[in-house]
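Below is one structure, written out as structure tokens; the observations come after it.
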Protein chains: 2
Amino acid sequence: MADSYKNKKVISIGIVSELTGLSLRQIRYYEERKLIFPERTERGTRKYSFADVETLVDIANKREEGVQTFEIRQELKKQKGQSRDELKKMIRGQINSQFHLRK
Amino acid sequence: MADSYKNKKVISIGIVSELTGLSLRQIRYYEERKLIFPERTERGTRKYSFADVETLVDIANKREEGVQTFEIRQELKKQKGQSRDELKKMIRGQINSQFHLRK
DNA sequence: CGTGTAAGGAATTCTGACACG
DNA sequence: CGTGTAAGGAATTCTGACACG
């Protein structure tokens with residue numbers, strides 16, 4: 001559960017580019033600005049998760065609104081807090097659905 | 001819902017190899033034998049889903065038991081039938097958990 | 001049958017930098 | 001500040017084939 005598919009870093013930057021519509025340059029730059037944190041393969045290739053892809057889409061939207069990367073970084077920090085509530089909801093949902101399946 | 005993260009084809013063969021412990025040769029061969037069906041990027045690079053990775057792990061286990069690819073293909077077909085029931089359960093679970101969250 | 005390997009080519013990714021602004 | 005691009009190198013992936021068995 002801790003490392004669901006959503007958070008596994010397995011997508012190369014080229015695919016991420018296709019998925020998000022962002023250029024390789026943009027994706028690398030947002031990492032430089034600490035908005036995303038891909039992992040690396042042994043030889044240095046970046047690997048992203050689906051969660052990263054979602055974050056990048058959010059970033060793209062903010063950027064279109066003219067929001068600067070510095071501000072976006074602040075907002076992303078807040079979202080971390082929110083995701084705790086999300087987690088609680090998810091767990092509750094899991095328990096409920098399993099309970100009903102057992103009947 | 002139809003294309004959850006589990007079924008999105010976004011993983012390159014090198015990563016799949018790391019994830020499964022199989023050689024590139026083996027992964028390509030299992031495709032040739034119709035056990036897995038990766039998609040392709042515009043220029044022909046194979047892309048796999050997490051579901052494909054799971055299937056490959058199953059295949060690896062069967063192979064260790066000496067099961068031939070032909071037989072494994074048969075078994076995989078059966079599993080497809082099972083997954084319909086799984087789908088029903090999942091949908092039921094979804095509805096239940098949403099129902100409870102709304103309360 | 002299932003898998004390793006060498007072969008040559010094509011496409012990917014990486015970094016650091018210059019450019020514009 | 002944010003992004004494009006040319007640059008050179010290193011690593012990836014592809015296919016078809018020969019090998020062993």
Side-chain angles (χ1 to χ4, degrees), chain A residues 8-77, chain B residues 8-77:
Chain A
K8 272 224 160 182
K9 311 264 186 176
V10 296
I11 315 176
S12 64
I13 195 166
I15 302 284
V16 171
S17 176
E18 284 179 26
L19 257 31
T20 62
L22 294 167
S23 69
L24 306 185
R25 183 69 164 100
Q26 289 174 310
I27 298 170
R28 293 189 189 119
Y29 181 67
Y30 299 150
E31 174 182 5
E32 190 183 317
R33 300 310 310 268
K34 312 283 186 193
L35 305 186
I36 42 171
F37 307 92
E39 291 181 357
R40 299 278 183 140
T41 62
E42 289 180 45
R43 292 188 204 70
T45 304
R46 272 168 266 249
K47 295 183 295 183
Y48 301 84
S49 66
F50 281 113
D52 291 330
V53 171
E54 287 191 4
T55 301
L56 283 167
V57 171
D58 290 344
I59 293 170
N61 290 147
K62 299 281 182 184
R63 284 293 304 132
E64 276 181 37
E65 295 170 25
V67 185
Q68 295 191 345
T69 56
F70 176 82
E71 305 174 74
I72 298 175
R73 179 164 58 237
Q74 306 304 316
E75 297 178 35
L76 288 175
K77 281 183 188 172
Chain B
K8 272 223 160 183
K9 310 266 186 175
V10 297
I11 314 175
S12 64
I13 195 166
I15 302 284
V16 171
S17 175
E18 285 179 26
L19 257 31
T20 60
L22 294 168
S23 69
L24 305 186
R25 182 67 164 103
Q26 288 174 310
I27 297 170
R28 293 189 189 119
Y29 181 66
Y30 299 149
E31 174 183 2
E32 190 183 317
R33 300 309 310 266
K34 312 283 186 192
L35 304 186
I36 43 171
F37 307 92
E39 291 181 359
R40 299 279 182 141
T41 63
E42 290 180 45
R43 293 189 205 70
T45 304
R46 273 167 266 248
K47 294 182 296 182
Y48 302 83
S49 66
F50 282 111
D52 291 330
V53 171
E54 288 191 3
T55 301
L56 282 167
V57 171
D58 290 343
I59 293 170
N61 290 145
K62 299 282 182 181
R63 284 294 304 131
E64 276 182 36
E65 295 170 25
V67 185
Q68 296 191 342
T69 57
F70 177 82
E71 304 174 75
I72 297 175
R73 179 165 59 237
Q74 306 303 317
E75 296 179 35
L76 287 175
K77 280 184 191 171

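Labels below follow one simple rule: chain letters A, B, ... track the order of the sequence lines, proteins then strands, and each chain is numbered from 1. Please read all numbers here as calculations on a predicted model, not as lab measurements.
In this structure, A:E18 places its CD atom 13 Å from C1' of C:dA11, rounding to the nearest Å. In this structure, A:Q26 places its CD atom 11 Å from P of D:dT5, rounding to the nearest Å. If you take CG of B:L56 and P of C:dT3, they are 12 Å apart, rounded to a whole angstrom. Look at CD on B:E65: it is 17 Å from C1' on C:dG2, rounded to the nearest Å. A straight line from NZ of A:K47 to P of D:dA11 spans 16 Å, rounded to a whole angstrom. When rounded to the nearest whole Å, the span between CD1 of B:I27 and C1' of D:dT15 equals 16 Å. Counting to the nearest Å, the P atom of C:dC20 and the CZ atom of A:R25 are 15 Å from each other. Counting to the nearest Å, the C1' atom of C:dT3 and the CD1 atom of B:I72 are 14 Å from each other.
For the pair A:R40 and C:dT15, the criterion of a side-chain N or O lying under 4.0 Å from OP1 or OP2 is met. Within the 4.0 Å cut-off from OP1 or OP2 of C:dG2, at least one side-chain nitrogen or oxygen of B:Y29 is found. Applying the 4.0 Å criterion to OP1 and OP2 of C:dG2, one finds that B:Y30 has every side-chain N and O outside that range.
Of the candidates C:dC14, C:dT3, D:dT3, the closest approach to any side-chain atom of A:T45 belongs to C:dC14. Among the nucleotides C:dT13, C:dG2, D:dT15, the one closest to the side chain of A:I13 is C:dT13. Among C:dC14, C:dG2, C:dA17, the nucleotide with an atom closest to any side-chain atom of A:R28 is C:dC14. The B:R46 side chain lies nearest to D:dC14 when the options are D:dC14, C:dG2, C:dT15.
Distance check, rounded to the nearest 0.5 Å: OG of B:S17 to CD1 of B:I11 gives 12.5 Å. Interatomic distance, CG of A:L56 versus CG of A:L19, reported as 10.0 Å (0.5 Å rounding). In this structure, CG in A:D58 is found 12.0 Å from CD1 in A:I36, a value given to the nearest 0.5 Å.
A:R33 comes within 4.0 angstrom of the backbone, heavy atoms only, and of no base. Counting non-hydrogen atoms under 4.0 angstrom, B:R43 reaches the backbone sugars and phosphates but no base. Contact annotation for A:S23: backbone-only contact, meaning every heavy-atom pair under 4.0 Å involves sugar-phosphate atoms and none involves a base. Counting non-hydrogen atoms under 4.0 angstrom, B:S12 reaches the backbone sugars and phosphates but no base.
Each of A:I15 and B:L24 has a nearest nucleotide on DNA chain C; the 5'-most of these lies closest to B:L24. If A:F70 and A:T41 are placed on DNA chain D by their nearest nucleotide, the residue sitting closer to the 5' end is A:F70.
A donor-acceptor contact shorter than 3.5 Å is absent between the side chain of B:K9 and the backbone of B:D52. Of the possible polar contacts, one joining the B:T55 side chain to the B:A51 backbone as a donor-acceptor pair under 3.5 Å is found.
Remark: D:dT15 base-pairs with C:dA7. Criterion, Watson-Crick or G-U wobble with two distances under 3.5 Å.
Of all heavy-atom pairs between A:Y48 and A:P38, the closest is CE2-CB, 3.5 Å.
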